[in-house]
Amino acid sequence: MDKFIIGSREVKSRLLVGTGKYKDFNQTAEAIQMSGAEIVTVAIRRTNIGQNEQEPSLLDFISPEEYTYLPNTAGCYSADEAVRTLRLARELLDGHNLVKLEVLGDAETLYPNIVETIEAAKILVKDGFEVMVYTSDDPIVAKKLEDIGCVSIMPLASLIGSGMGILNPWNLEIILKNSKVPVIVDAGVGTASDAVIAMELGCDGILMNTAIAAAKNPVLMAAAMKKAVESGREAYLAGRMPKKLYTASASSPTTGLIK
Amino acid sequence: MDKFIIGSREVKSRLLVGTGKYKDFNQTAEAIQMSGAEIVTVAIRRTNIGQNEQEPSLLDFISPEEYTYLPNTAGCYSADEAVRTLRLARELLDGHNLVKLEVLGDAETLYPNIVETIEAAKILVKDGFEVMVYTSDDPIVAKKLEDIGCVSIMPLASLIGSGMGILNPWNLEIILKNSKVPVIVDAGVGTASDAVIAMELGCDGILMNTAIAAAKNPVLMAAAMKKAVESGREAYLAGRMPKKLYTASASSPTTGLIK
Amino acid sequence: MDKFIIGSREVKSRLLVGTGKYKDFNQTAEAIQMSGAEIVTVAIRRTNIGQNEQEPSLLDFISPEEYTYLPNTAGCYSADEAVRTLRLARELLDGHNLVKLEVLGDAETLYPNIVETIEAAKILVKDGFEVMVYTSDDPIVAKKLEDIGCVSIMPLASLIGSGMGILNPWNLEIILKNSKVPVIVDAGVGTASDAVIAMELGCDGILMNTAIAAAKNPVLMAAAMKKAVESGREAYLAGRMPKKLYTASASSPTTGLIK
Amino acid sequence: MDKFIIGSREVKSRLLVGTGKYKDFNQTAEAIQMSGAEIVTVAIRRTNIGQNEQEPSLLDFISPEEYTYLPNTAGCYSADEAVRTLRLARELLDGHNLVKLEVLGDAETLYPNIVETIEAAKILVKDGFEVMVYTSDDPIVAKKLEDIGCVSIMPLASLIGSGMGILNPWNLEIILKNSKVPVIVDAGVGTASDAVIAMELGCDGILMNTAIAAAKNPVLMAAAMKKAVESGREAYLAGRMPKKLYTASASSPTTGLIK
Amino acid sequence: MNIVINGELKVVDENKILNLQDLVESLKLTNKRFALERNGEIVAKSQLPNEKLNEGDKFEIVGAVGGG
Amino acid sequence: MNIVINGELKVVDENKILNLQDLVESLKLTNKRFALERNGEIVAKSQLPNEKLNEGDKFEIVGAVGGG
Amino acid sequence: MNIVINGELKVVDENKILNLQDLVESLKLTNKRFALERNGEIVAKSQLPNEKLNEGDKFEIVGAVGGG
Amino acid sequence: MNIVINGELKVVDENKILNLQDLVESLKLTNKRFALERNGEIVAKSQLPNEKLNEGDKFEIVGAVGGG
């Protein structure tokens, strides 16, 4: 059996999805259901004090009982902010300790700040969190984060929200070769083929948000992504045919031709 | 509804598969069933005269009632051979007139011979065949084959049996833009992501053989390919997010951060 | 010595250039001189009857004594037009028989029409021309054109005027492997690196026009292209280091380090 | 004029070369002279105590008066080792303070260890060195190293000694956009076109060793690389033509054709 | 009494709002998922009734929202 | 009588094998899917009994096999 | 006399322009590089004086221009 | 006297080799480019005559070699 275990949890779907950027909560719920994801990321933000008590919230549409919430630290630019945010998230989610750490380098690229990320990871792991960590495709940093005790390494494929796909599959391959914890591509997937390529490389899963939410038809794209991740995983397990550069090989018999 | 019509037939599956190169007929049958394909290509070869009457044949495993047989002209290097082969195929299959024409240029590359292909297509169309035609990615030739009356244009992605994927998506795009008949990528797909990429470009379907038969686990790869073709089609219909080169875009709100 | 022979001529520069699209004849002359090219293509067009007799012409700036004029058939869409155009060119250039044949497929892509090109090549070779022939990257067609007697095969890298570079190096490699006459990439080069890549593949030369004429600074780009073609040729002859996928190799000694 | 200034030095050649991996010192000298480089890297290693006093050394072939020696820290895996090595180098080279810092992450990939690199850079800059720093293509780290005071940022194109070329030009572009000090690609160039591509992106220079030393003919490859770097720079300054995806553009007039 | 909630100054009646539980109720958060930090330190929900409100307290009160 | 089937010379007894239907039966192809070309011309299965066998006839008899 | 040059109708004086050399001179092409096709057939420059002009002749007269 | 040079134990005659300049001369490095570190601290070449040799000193003596 093809088990997928993150920290202390076993998960069925290798597709993890974000909950941002949708038109409305109905679309969020429909797309996420279609995606088959079990783990959904959420951001932690100041409550809108004084708002209408009846105003719907994400939790009414994506039940925390049905889905595993994965609070992230999107928007944090220092280890300190990230740690505080995730401690609040743990309180908010009744002690839930599986979190996604990301510490960003600048607002223009949202590229991770590796030095701060390493700092935050050390603190959070000591503090009992199961840390899934967004990082660059630097294989030395990925190994260090694993050594610190992160339960999943989440390298970017390309910039958050860029949809550029996997820009450097070679670095990903080095990370995959060296990693004993799940490697989940986080950020940069733009369409279904990007997801398949990542899974064919041997990635354990994929986290995406914009690729679904910013498609013209997000619900149909969610369906495509579910199949893409499964297809890529199966192709990886099935073992692809070798590439042959210049010698074609006939699929039909080369004898018994009529003359 | 997303209809797929080839000549006078409506087909559900956009994945067409070959029946060559499998370990045995059981594996052929199992992989093809798993692929969900309805149209399967067969080669026409001299009957092995004097063979054991009881020896199993492809038709015992892949029922011509259940599947649509698509006889091909693999191995033919001239218009004349190809035309004779398909006339025999029509007789063999009780008047069945949907055929795949391929006329090869040389045995080393199996690249199509375009001049002979055009000749054969003219004769076959006049003779009442519904011709699906294997061709290069030359958009002028593709248009000419369509004008002659072929019911489907089948450009290569890369050399037959090479598994190199889509080497020139730009030519494919020109062919797709100009074509009114289905464009089905034939040859060169090596793994699931290749299939998804072809479908995302807007191809109407994919014909493959080696990618499934030469995988380490052909049956699992057949499952992957079924999902790949569906995923790619859905992603095409869903409309992917735009690519953004250097400006990342946050999936989480950029306001409401703790201070 | 690294000789470059086209038909009956020995040429020093492996860069051939077009004379179209420049701001004025002065720029044409300056850029072409900077490029170091010896062979320059010209188009054959109706003389502007009744024009000012003193109006300058290309020939006043690019001397037919200093440069080898290569008349082309740009704009021809049939074998017949192309043959008539080149016969006029031969008359125009006092019996000069080295010509560039191109027969186009449509005005939107300027992709070659292979069937008409083959027809024209047969006629022109019989008629005593030394035919350099613009063609697609179809290796079967390239071989046929060589067999007909063309003195140089000129496959496109990508569409004329597109600047997209070499879209399918694999087809080029097949053509190079099979060819005994010079293979000159014609069309699609957009910048210096495109030219280097083509030469590194083993191409014998490059013909370009837009990449120089449509650069912001055509004269400086001409200088860049001269070096690019030479650099690519030298790198091809020098024999590049092997690529190593994942094992780095230190350039400095791995012993003798301080402790 | 197109000036190239590194720290307090103005340099003419944008090609910097290593001195390792050659067959012998004669080949080293010949190749380096052919390359036109002014700055050559050297490694610092334990003197072979007790060796023949007359044994030739690198300095006899590459004169420190003629070339600018750039001592590197190849082989160092910690900030401490790197700092000690460069202090020794400064003493060795009579106070010369222009150095190349590299701190490696592991011996298999030679990928930089960014955390240690940052530490070492801080110490060295404070200590009065002009630090050229080998780093990953992480744009946040590149900016931090510049902010620390490094005089040149030297991101890898791909792994040291791999010859894989520029794997992620997009990250390089972000680094280039943000940098005010020269960006010099260091590591990964495999052949002339890789060098041209890097320069066309806007890199200020290239440092290479294996691409020349491990070519079949290093001296000829050195000549190719000299032209490649110049060609790429000129093409960058000349401003390439725009790429056009699917609409070809004729280089010859579209009117005046014969009828 | 002056306090700061999510970056905004609030004046609260110290006679009505004695502890953090009172504060949370006054903000109508009782039935919502939230987490609360006072002066940089998290206060567990179980401890809200035991924590008195002090002049100048700075609160961050957060919830989960859509994000990727 | 000498004929050629699929490139191989065969000697058949012209007393037993009068027409193409007889030939096909002698080759035990009756229950199989096949198609037959004589001297470059296809003979429809329905016409096999009506077509006499001639000295020197060249036959191609084909079936469908696995192919891509 | 009516002729067509490069797609345009021209009326020429058949008393002055007797042969193709006269025509070319009248067009001031003498010192220019050109080639001439009459009714689809090339006329060599050396033959221009020997070729008479006929009613309805269609000429293509071309030169070399910048092109790629 | 026992010292370590570049990781190797050396026994030197403390009557002959009084200072680091003597050491360097004994190693025939005088005319070569080198740099010297004792116990982790660089000793400038100008200071070599002023620095005495001590039992157990650890030296790194380096030169420039080909590298990339």
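The figures here come from the full heavy-atom set of this structure, side chains too, leaving out hydrogens, waters and symmetry mates. Each chain gets a letter, A, B and so on, in the order its sequence line appears, and its residues count up from 1.
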Quick one: do I140(C) and I114(B) satisfy side-chain contact (heavy atoms from CB on, under 4.5 Å)? Show the steps, please.
-> CA-CA 8 Å; I140(C) 303 301; I114(B) 286 314; over 6 Å; no

Interatomic distance, T109(B) atom OG1 to K143(C) atom NZ [nearest 0.5 angstrom] = 12.5 Å

Contact part of I118(B) toward chain C, heavy-atom cut-off under 4.5 Å: side chain, backbone, both or neither?
-> side chain

Point-to-point distance, once rounded to the nearest 0.5 Å, from OH of Y111(B) to CD1 of I174(C) = 8.0 Å

Could you give the side-chain donor-acceptor pairs of residues 185-193 of chain C under 3.5 Å, partners two or more places apart or in another chain?
from: D186(C); atom 1: OD2; to: K100(C); atom 2: NZ; distance (Å): 2.8
from: T191(C); atom 1: OG1; to: E200(D); atom 2: OE2; distance (Å): 2.7
from: S193(C); atom 1: OG; to: E200(D); atom 2: OE1; distance (Å): 2.5

If you tally heavy-atom pairs under 4.5 Å against chain B, which of S136(C), P139(C), G105(C) wins?
-> P139(C)

Top contributor to chain B interface from L104(C), D138(C), D137(C) [non-hydrogen pairs under 4.5 Å] | D138(C)

Count the heavy atoms belonging to other residues, nucleotides or ligands that lie under 6.0 Å from NZ of K144(C), then report whether that count exceeds 12.
-> no

What is the distance from atom CG of N171(C) to atom CG of N171(B), rounded to the nearest 0.5 Å?
-> 9.5 Å

